Amino acid sequence: MADIAIQLPDGSSRSVASGTTVAGLAADIGSGLAKAAVSAVVDGDERDLNHELADGDQVQIVTADSEAGLHVLRHSTAHVLAQAVLELWPGSTFAIGPPIENGFYYDFSLPDGQTFSDDDLERIDAKMRNIVDADQAFVRSEVPASEALKLMADHPYKQDIIERVSEGAADSELSTEASGDIISFYRNSDSFIDMCVGPHVPSTGRLGHFKLMSVAGAYWRGDERQPMLQRIYGTAWATAKQLKQHLHRLEEAAKRDHRKLANDLDLLSFPSELGGGLAIWHPKGAIARKLMEDDSRRRHEEGGYSFAYTPHLANGNLFQTSGHLDFYADGMYPPMEMDNGTYYPKPMNCPMHVLVYRSQQRSYRELPLRLFELGTVYRYERAGTLHGLMRIRGFTQDDAHIFVDQEGLADELANLLNFVLDVLRSYGFEDFTAKLSTRPPEKSVGSDEIWELATDCLVAALETAELSYEVDEGGGAFYGPKIDVDVRDAIGRSWQLSTIQADFALPERFDLEYVAPDGSRKRPVMLHRALMGSLERFFGVLIEHYAGNFPLWLAPVQVEVLPVAEEHLAYGREVLDRLKAAGFRCELAEPTDPLGKRIRRAKTQKLPYVLVVGSDDEAAKTAGVNPRGGEVERDVSVDDFLVRLEGEMGDRAAPSPIGPTG
């Protein structure tokens, strides 16, 4: 039998016997790779391990510990979940079961209106492990759509998917289920078959490091007009160690949940009377917010930005010109009919900043023109997607728009990225990654030259900043390329925070110009930059990053003074007054409760410092210092403690006088 040549990712070629499968190639390369392999990418297409190779194929083996490998493991585990549920609840049907970040889910409809409970998860888990122990092979087959409909005759949601795919109406949510006129299926027992594009692990015995997490309701296709399905979420990993680490991260994340901590620390709330996706900031939360706003204003002023203030709503003509009514109407609130036109709450600040630029003739000497606003916007989010401060309907962006000529684009983008990273570092983030999204192939505005220039400038900015990044080819908006900056928090989670976006469309739509040195009129490039994304979401990330233990400069209450007894109250107030005079935010807990109880209460509030003062302290002008997370320090002079606080404030050593007064 003649050999065939296979091309490997490192550029080398390997000869194997004709008829060799992906699994055979992995074994030929090495036993370790054969053991770790779960699938492959052959000539750009994902394939199962039993896929037979052809001469000249370019092959990349996918291992279980890679992102692509975890995707396969999780998708295969979702199939086992579906098999278990259909066996345990005869007459039930299933919808979609995709892999997601860190896990998977599957949607079901149970007979007679039954619903899952958390108690059912243990029974389902046991059935799944029986299926895993049976080491059932995943066997792929392909049939025309007409035959696929017959195979899924008892499962209306699967039939809906087949019809959508056949009509070319499928979306990304259905991409793991089916594609094209030929529908693929995977069977792993005589009684269970599921529609799926694959690939899958060779058999169920390759699975097992999973845990079912929760049950929830979910509308079919995310549409409130469609039936409510029962969704089971799970997580799956390549090894038991990875699963254990993930479950530990989840425990930590639960402790850090910003919604719980915001309530415990009296920072903010989400009253039902207010409506979904809207927050009320309590005095302590408002202190932290004002500190963030003041810090942002100071940095932008020092960075050469001019401030703008714009209204919360505008005539619909503005959003028609900007294109928001054409491209973003689903994310906007309904119009308000007024006596002089139709008005909308603004979903974005950019059209109004464009009006600031266009308010007068501009010269090249004014560029770059940097406009900044802490602007509140309103965006409609489905009720099921709302999540505390992380997904909210009314929020304030630290929004900047920069108008620049092409000659200054490279320098401005480099400065912008440095500005972003400096601010994020000042909040305690050090681990950054970025994603560069480039020109979409199907539709875009702007010349080839300006796209190439902007993209090259973004790449140069990333490389100058020595920032690790991945390229999302074709993933940019139609109006320009962009950079998204992610930060990794204290427990290793990644958060997408900052965006730098080039825009060639709005200057065109609003006919923006500047007078060039030769007297000609030229079009500026517009740059959008949201550093925190929104104050609300950024604050939510900070709460979870610090687990509520804010750094001294950001803590709503920096010091609490605790007199031991009634006779020490006057000295406690003296210490309080000295701290306040130095600009620190402090409170005094009067001795109406025992000292131990007051100390415990102060610690639950995660205060940076608690000072205890008694008779000896009054005589020596000292205090007992209880630093958060540290050992008690006795007989610390108040003078030395003030010096310590000022040092800890660092470059924010001019404390705001706002806050508690006693």
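A quick note: this is a predicted structure, and the numbers were derived from the prediction, not measured.
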Where the side chain of S296 meets the backbone of M292, is there a donor-acceptor pair that is under 3.5 Å apart? no
Main-chain N/O of E648 paired to W553 side chain as donor or acceptor, under 3.5 Å: no
Could you please spell out the steps behind the salt bridge (Lys or Arg N to Asp or Glu O under 4.0 Å) verdict for R573 and D577? CA-CA 6 Å; R573 288 176 175 154; D577 290 343; over 6 Å; no
According to the ring pair (Phe, Tyr, Trp, His ring centres under 6.0 Å) rule, which pairs have a member within residues 468-488, sequence neighbours left out? F327-F478
Flag the pair R493 / E544 as yes when at least one side-chain heavy-atom distance between them is below 4.5 Å, and no otherwise. yes
Would you name the heavy atoms of L409 and A454 that are closest together and state the gap between them? CD2-CA, 3.9 Å
I need the single residue from H282, K284, Q605 that forms a side-chain hydrogen bond (donor to acceptor under 3.5 Å, both in side chains) with D266. Which is it? H282
Expected output: side-chain S437 to main-chain G476 donor-acceptor under 3.5 Å: no
Between R249 and E252, does any NZ, NE, NH1 or NH2 come within less than 4.0 Å of an OD or OE carboxylate oxygen? no
Just list the side-chain donor-acceptor pairs under 3.5 Å for residues 348-356, sequence neighbours left out, or say none.
from	atom 1	to	atom 2	distance (Å)
N349	OD1	K346	NZ	2.7
N349	ND2	D399	OD2	2.9
H353	ND1	H401	ND1	2.8
H353	NE2	E373	OE1	2.8

Any side-chain to backbone donor/acceptor pair from Q558 onto L552? Under 3.5 Å, distance only. yes
Measure across A465 and N418 and return the closest heavy-atom pair with its distance rounded to 0.1 Å. CB-OD1, 4.3 Å
Donor-acceptor pair, distance only, cut-off 3.5 Å: does the side chain of S520 make one with the backbone of A516? no
Can you tell me how far CZ of R379 sits from CZ of R393, rounded to the nearest 0.5 angstrom? 14.0 Å
Salt bridge or not for R298 and E302, using N-O below 4.0 Å? yes
Going by an N to O cut-off under 4.0 Å, is there a salt bridge joining D511 and R358? no
What is the distance from atom CG of D405 to atom CG of L369, rounded to the nearest 0.5 Å? 12.0 Å
Atom OH of Y546 and atom NZ of K606: how far apart are they, to the nearest 0.5 Å? 14.0 Å
Side chain S534, main chain T396, donor-acceptor under 3.5 Å: no
When rounded to the nearest 0.5 angstrom, what distance separates CZ in R644 from CG in L642? 11.5 Å
Please identify each residue that fulfils ring-ring contact (aromatic ring centres under 6.0 Å, His included) with H300, with sequence neighbours left out. Y305, F372, F419
Please step through side-chain contact (heavy atoms from CB on, under 4.5 Å) for the pair V625 and L611, ending with a clear verdict. CA-CA 5 Å; V625 177; L611 299 188; 3.7 Å; yes
side-chain contact (heavy atoms from CB on, under 4.5 Å) between L318 and F510, worked out: CA-CA 10 Å; L318 176 66; F510 284 89; 3.8 Å; yes
What pairs with Y357 under ring-ring contact (aromatic ring centres under 6.0 Å, His included), at least two apart in sequence or on another chain? F403
What's the shortest heavy-atom distance between A262 and I543, and which atoms? CB-CD1, 4.5 Å
Are E452 and R439 ion-paired here, with the side-chain N under 4.0 Å from a carboxylate O? no
Is it true that K290 and D294 have a side-chain N and a carboxylate O under 4.0 angstrom from each other? yes
Using a 6.0 Å cut-off, check whether atom CD of E407 has over 12 heavy atoms from anything other than its own residue. yes
Modelled atom types, side-chain donor and acceptor of E337 and T342, under 3.5 Å: yes
Looking at residues at least two apart in the chain, or sitting in another chain, which of them share a ring-ring contact (aromatic ring centres under 6.0 Å, His included) with Y328? none
Are R221 and D223 ion-paired here, with the side-chain N under 4.0 Å from a carboxylate O? no
To the nearest 0.5 Å, tell me how far W281 CH2 sits from F539 CZ. 5.0 Å
Step through the shown structure and confirm whether more than 12 heavy atoms of other residues, nucleotides or ligands are within 6.0 Å of CD on E301. no
Would you check, one step at a time, whether the test side-chain contact (heavy atoms from CB on, under 4.5 Å) holds for R523 with E513? CA-CA 5 Å; R523 190 84 70 206; E513 295 180 333; 3.9 Å; yes
Can you check whether A253's main-chain N or O pairs, donor with acceptor, with E251's side chain at less than 3.5 Å? no
Work out which heavy atom in R585 is nearest to a heavy atom in A555; give both atom names and the distance. NH2-O, 2.7 Å
Using only heavy-atom distances, determine whether the side chains of Q320 and D326 contain a donor-acceptor pair under 3.5 Å. yes
Does a sphere of radius 6.0 Å around CD in Q360 hold more than 12 heavy atoms from other residues, nucleotides or ligands, not counting ones at 6.0 Å or beyond? yes
Q361-R521 side chain donor-acceptor pair, cut-off 3.5 Å: yes
Quick one: does any side-chain atom of D486 pair with a main-chain N or O of S494 as donor and acceptor, under 3.5 Å? no
Output, in order, the C-alpha distance, side-chain angles, deciding distance and verdict of salt bridge (Lys or Arg N to Asp or Glu O under 4.0 Å) for E536 and R289. CA-CA 9 Å; E536 287 80 0; R289 176 173 176 145; 3.0 Å; yes
Please round to the nearest 0.5 Å and tell me the distance separating atom CZ of R601 and atom CG of L607. 11.0 Å
Residues in ring-ring contact (aromatic ring centres under 6.0 Å, His included) with H312, at least two apart? Y378
I need the minimum non-hydrogen distance between P368 and I402, along with the two atoms involved. CB-CG2, 3.9 Å
Is any side-chain heavy atom of V575 closer than 4.5 Å to a side-chain heavy atom of V559? no
Please report the C-alpha distance between Y233 and I100 in whole Å, then the side-chain angles of each, then the deciding distance to 0.1 Å, and finally whether the side-chain contact (heavy atoms from CB on, under 4.5 Å) criterion is met. CA-CA 10 Å; Y233 286 99; I100 56 176; 4.1 Å; yes
E560/K603 salt bridge by N-O under 4.0 Å criterion: no
Checking Q501 side chain against G480 main chain: does a donor-acceptor pair fall under 3.5 Å? yes
